[in-house]
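In each ligand, atom 1 is the first atom listed, and ligand 1 is the first ligand listed.
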Amino acid sequence: MTLVDPEKITPPLAARVAKNSKVSGTSAIMIGGSTFVSQAHLDGVVKAIKRAVKIPIILFPNNITGISRYADAIWFMSLLNSVDPYFLIGAQILGAPLVKKYGLEPISMGYIILGEGGTAGIIGKAIPVPYKKPELAAAHALAGQYLGMHFIYLEGGSGAKKPVPPEMIRTVKNFIEIPLIIGGGVKTKAQALAAASAGADIIVTGNVIESTSSKQKVSEIINGVKGTEP
Ligand code: 1GP
């Protein structure tokens with residue numbers, strides 16, 4: 001899946017990134033960032049992408065301000081390793097009626113911040129799980145599954161120097177029965193292949209798409225993911 005950060009992009013550029021990503025085989029466009037963006041700008045970005053491509057648009061909100069009525073679905077997520085109840089359940093309570101009102105499909109997801117944590121870790125007041133502690137990440141993920149979440153997302157932090165290590169992905173994957181999402185710092189085909197081989201069901205890329213020729217990069221990463229298929 002391709003992540004578009006509305007803070008860093010104009011609606012026309014977002015449309016171009018989405019088109020290029022779709023041509024290269026991305027499954028969905030996710031929209032979200034770690035800090036604040038105006039509602040009007042977010043709506044503009046979502047509308048431009050919707051006009052450009054017919055693949056699902058899934059919101060990836062950092063707060064209730066990340067909700068747009070023009071998207072198809074929303075990761076209805078809880079930051080499982082936050083010390084602030086707001087990111088565990090507070091924002092969700094405020095946002096749920098809006099999700100219903102806008103007719104967005106909520107997809108429940110347990111979000112776990114790892115490694116350096118990045119901006120999301122600071123904003124979300126997370127205690128990031130160190131990359132060297134895969135069993136701790138697995139315990140967080142299993143708790144999310146037992147609470148009824150449908151997906152688990154292991155977040156290495158946007159722009160992370162090192163993506164989530166394959167060993168950690170493998171340990172978590174062996175613990176849970178729900179699909180596993182990986183994101184943060186995936187920049188190459190080899191990294192995508194390593195994550196998919198270790199058990200990642202969905203790989204999210206953001207930064208790498210913004211920085212270079214998005215068409216080629218998405219193709220490269222998708223080829224990496226498909227390299228695991230028989
Ligand atoms: C960030 O996991 C996503 O929330 C994607 O990270 O921008 O490093 O690809 P990148």
**Study point:** Considering all heavy atoms, the nearest Leu42-Thr65 contact
**Key:** CD2-O, 3.5 Å

**Study point:** Side-chain heavy-atom pair Lys22, Ile29 within 4.5 angstrom cut-off
**Key:** no

Check your understanding: How far apart are the closest heavy atoms of Phe60 and Glu155, and which atoms are they?
Key -> CZ-OE1, 4.0 Å

Review point. Which atoms of ligand 1 have any heavy atom of Leu3 under 4.0 Å away?
Key: 1 (C), 3 (C), 4 (O), 5 (C)

**Study point:** Where ligand 1 meets Gly159 - atom numbers and elements under 4.0 angstrom, heavy-atom basis
**Key:** 7 (O), 8 (O), 10 (P)

**Study point:** Residue-ligand contact Thr205/ligand 1, heavy atom below 4.0 Å
**Key:** yes

Practice item. Under 4.0 Å from a heavy atom of Glu155: give me the atoms of ligand 1 that qualify, with their elements. Key: 1 (C), 2 (O), 3 (C), 4 (O)

**Study point:** Short N or O distance, Gly185 and ligand 1, threshold 3.5 Å exclusive
**Key:** yes

Exercise for review: Could you tell me whether Gly206 and ligand 1 have an N or O pair separated by under 3.5 Å?
Suggested key: yes

Review point. Judging by distance only, is a nitrogen or oxygen of Gly184 under 3.5 angstrom from one on ligand 1?
Key: yes

Check your understanding: Which ligand 1 atoms are under 4.0 Å away from a heavy-atom of Asn207?
Key -> 7 (O), 8 (O), 9 (O), 10 (P)

Study note, to complete from the structure: Shortest non-hydrogen pair, Gly124 vs Ser82, comes out as O-OG, 2.6 Å

**Study point:** Validation row: Val129, Met168 side chains within 4.5 angstrom (heavy atoms)
**Key:** yes

Check your understanding: What are the two closest heavy atoms between Ala91 and Ile64, and how far apart are they?
Key -> O-CG2, 3.4 Å

Exercise for review: Mark up the atoms of ligand 1 that fall under 4.0 Å of a heavy atom belonging to Gly183, in ascending order.
Suggested key: 2 (O)

Point to revise | Close side-chain approach of Pro6 to Ile31, heavy-atom, < 4.5 Å | key: yes

